[in-house]
Number of protein chains: 2
Amino acid sequence: MNSNTVKPVRGRPKTLDRDHVLDVAMDSYWKDNIGNLSLNEICRRSGVSKPGLYREFSNEDGLMKAVLIRYQEQVLEPVQQMLNSDVPFKEALDNLISFATSVSCHDESPNGCLFIKMRESRVHLGKETQAQIDFLEKQGLVFFKKWVERSKTKGEFSVDMSSEFAATYIDAQLSNASTQLARGVAPETVKKILLVAFSVLE
Amino acid sequence: MNSNTVKPVRGRPKTLDRDHVLDVAMDSYWKDNIGNLSLNEICRRSGVSKPGLYREFSNEDGLMKAVLIRYQEQVLEPVQQMLNSDVPFKEALDNLISFATSVSCHDESPNGCLFIKMRESRVHLGKETQAQIDFLEKQGLVFFKKWVERSKTKGEFSVDMSSEFAATYIDAQLSNASTQLARGVAPETVKKILLVAFSVLE
DNA sequence: TTCATTTAGTACCACTCGGTATTTTAATTT
DNA sequence: AAATTAAAATACCGAGTGGTACTAAATGAA
């Protein structure tokens, strides 16, 4: 999946590595708070000139949207696939907890889910990014809902609760976990909280 | 509690209204995201010159700390007093939910708890403010813990859960509620989530 | 009146921000 | 070789940031 679509046309050959810039930007937005990270800093970290970055992503909004799409593909999609598989409900729930509380190893800085972080600062982001956030949110809720519905038919989810609300509740608790991790709360603590919060679903 | 401590000494009489500035600043930090609100804007909104503000609060850090202290006195303290009273556990829990999900009426902009908002952006704030946040956090957890302990001796809290962890769990769920409200989630939804999350405590 | 004291506010500082006009450079086509 | 095309980067733009010299003004004390 090389994003430098094969197009050896005419002029000066392109040296800007789109994937590399996206990697750096994703990592940066992830670790630092989105609102406190400038384009200048991303240029500095990725070794790209500012006009180069603007040529590739139009503006800050475009970069953020691209980062968000990349995050969806690389991080969120595997989880959604897991939910789509035929793993028993309780096991899938455990997987979800493991995923949510697994700190991305490298570095000491705080973490959590980039999507949720961006969703929290939604108001201050560009329109394209906002639209992408809204899309991902809706999509995520649909995944959760379908998962719960399937689990109900399989008899693995028997609590008296609408699938719609169950999805909202799961989303809320995962968001909470992300926020706490970002704040620096110990992953084991977050895990225990999630376990208790999800115990109402069994 | 007039903060203009009676000191009619010598020089030019002070016209700066500390309480008014704090009111404006608290409101501003509360509604807008803290990180996106400048000192200049606060000066503009409160009708105070910048040097005037610096004379009163030293710097941005000092202002934020002062705002946080004011927020504790005006908003948090009443809740803590309620927890210290002899209200039955379940009733106190309901009060807590009502408090957490009551949007502060005026205006359409997002809300939530200012303390929790500041705690989430803790890393990017000044040292004084950070210290105040840490103090309030610790204090809050102690309140929750004592409340649970008292409820245990009264036989109103019988779940097998350490008071320490219960306090952490309650704090986490309230934080979650605040974050969701700030994001724009409907208060009724947030309330329902809190009800479910707290149902494990009964 | 004169002087010390304290506050008020204008006008500035260096710096960073998102974004761009402009020119240079490296390739292909004619 | 010359013309064309596209990407490179320097150097800039106006606006906004946190913070501060500095001067004017208002009071009580001498």
Side-chain angles (χ1 to χ4, degrees), chain A residues 2-21 24-25 28-29 32-67 118 121 123-130, chain B residues 2-21 24-25 28-29 32-67 118 121 123-130:
Chain A
N2 189 353
S3 51
N4 289 330
T5 45
V6 278
K7 251 174 141 184
V9 268
R10 193 111 90 105
R12 178 171 178 170
K14 174 186 263 186
T15 61
L16 182 144
D17 186 343
R18 189 179 214 267
D19 288 339
H20 175 246
V21 174
V24 171
S28 298
Y29 284 138
D32 307 350
N33 269 14
I34 301 128
N36 297 72
L37 194 65
S38 67
L39 274 189
N40 291 319
E41 184 60 25
I42 290 177
C43 289
R44 234 166 279 140
R45 294 187 188 179
S46 60
V48 167
S49 73
K50 211 172 351 173
L53 200 145
Y54 274 84
R55 218 176 303 118
E56 187 68 31
F57 301 101
S58 300
N59 49 32
E60 196 174 29
D61 196 15
L63 174 64
M64 282 196 183
K65 178 181 177 177
V67 164
M118 294 184 85
S121 26
V123 205
H124 305 278
L125 306 180
K127 297 194 173 182
E128 297 274 309
T129 310
Q130 289 192 353
Chain B
N2 189 352
S3 52
N4 289 330
T5 45
V6 278
K7 252 163 120 192
V9 268
R10 197 115 88 106
R12 179 171 175 169
K14 173 186 260 184
T15 61
L16 183 144
D17 186 343
R18 189 179 216 265
D19 289 339
H20 174 247
V21 175
V24 172
S28 298
Y29 284 136
D32 307 351
N33 270 14
I34 301 129
N36 296 72
L37 194 66
S38 68
L39 274 189
N40 290 320
E41 184 60 25
I42 290 177
C43 288
R44 231 167 281 138
R45 295 186 189 180
S46 59
V48 167
S49 74
K50 213 172 351 170
L53 199 144
Y54 275 84
R55 219 175 300 119
E56 187 68 29
F57 301 101
S58 301
N59 50 33
E60 197 174 29
D61 196 14
L63 174 64
M64 282 196 182
K65 178 182 176 177
V67 165
M118 295 184 85
S121 26
V123 205
H124 305 278
L125 306 180
K127 297 194 173 181
E128 298 275 306
T129 310
Q130 288 191 354

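Every chain is numbered from 1 and lettered A, B, ... according to where its sequence line falls, protein lines coming before strand lines. Note: hydrogens, waters and symmetry copies are ignored here, and every other heavy atom, side chains too, is used.
At whole-Å resolution of the value, CG in A:N36 and P in D:dG18 are 12 Å apart. Between the CG atom of A:L53 and the P atom of D:dT10 there is a distance of 15 Å, rounded to whole Å. Rounded to whole Å, atom P of D:dT20 lies 11 Å from atom CG of B:L39. Rounded to whole Å, atom P of C:dT16 lies 17 Å from atom NE2 of B:H124. Counting to the nearest Å, the P atom of C:dT16 and the CG atom of A:L37 are 14 Å from each other. Between B:E41 atom CD and D:dT17 atom P the separation is 7 Å, expressed in whole Å. Here the C1' atom of nucleotide C:dT20 and the CZ atom of A:F57 are 18 Å apart, to the nearest Å. B:L16 has its CG atom 17 Å from the P atom of D:dA26, to the nearest Å.
Side-chain N/O atoms of A:T15 include one lying less than 4.0 angstrom from OP1 or OP2 on D:dA8. For the pair B:N40 and D:dG16, the criterion of a side-chain N or O lying under 4.0 Å from OP1 or OP2 is not met. The phosphate of D:dA7 has neither OP1 nor OP2 within less than 4.0 Å of any side-chain N or O from A:R18. At the phosphate of C:dA8, OP1 or OP2 sits under 4.0 Å from a side-chain N or O atom of B:R55.
Set against C:dG19, D:dA21, C:dT7, the side chain of B:P51 has D:dA21 as its closest nucleotide. Set against D:dT10, D:dT5, D:dG19, the side chain of A:R10 has D:dT5 as its closest nucleotide. Checking C:dG18, D:dT17, C:dA21 against the side-chain heavy atoms of A:Y54 singles out C:dG18 as nearest.
Considering OG of A:S46 and CG of A:L16, their distance stands at 8.0 Å, rounded to 0.5 Å. We find the CG-CZ distance between A:L37 and A:R45 to be 5.0 Å, quoted to the nearest 0.5 Å.
B:N33 contributes no side-chain N or O that, together with a main-chain N or O of B:G35, makes up a donor-acceptor pair within less than 3.5 Å. With B:S49 contributing its side chain and B:G52 its backbone, the two residues share a donor-acceptor pair below 3.5 Å.
In this structure, B:S38 reaches the sugar-phosphate backbone alone: every heavy-atom distance under 4.0 Å involves primed, P, OP1 or OP2 atoms, never a base. Across all strands, B:P13 comes closer than 4.0 Å only to sugar-phosphate atoms, never to a base (heavy-atom distances).
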Take B:F57 and B:V67, measure what side-chain contact (heavy atoms from CB on, under 4.5 Å) needs, and give me the verdict at the end.
-> CA-CA 10 Å; B:F57 301 101; B:V67 165; over 6 Å; no
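Comparing B:E60 and A:G11 against DNA chain D, the residue whose closest nucleotide sits nearer the 5' end is A:G11.
Counting atom types as modelled, A:R12 pairs a side-chain N or O with a base atom of C:dT25 as donor and acceptor under 3.5 Å. Not a single donor-acceptor pair, N or O on each side, falls under 3.5 Å between the base of C:dG9 and the side chain of B:K50.
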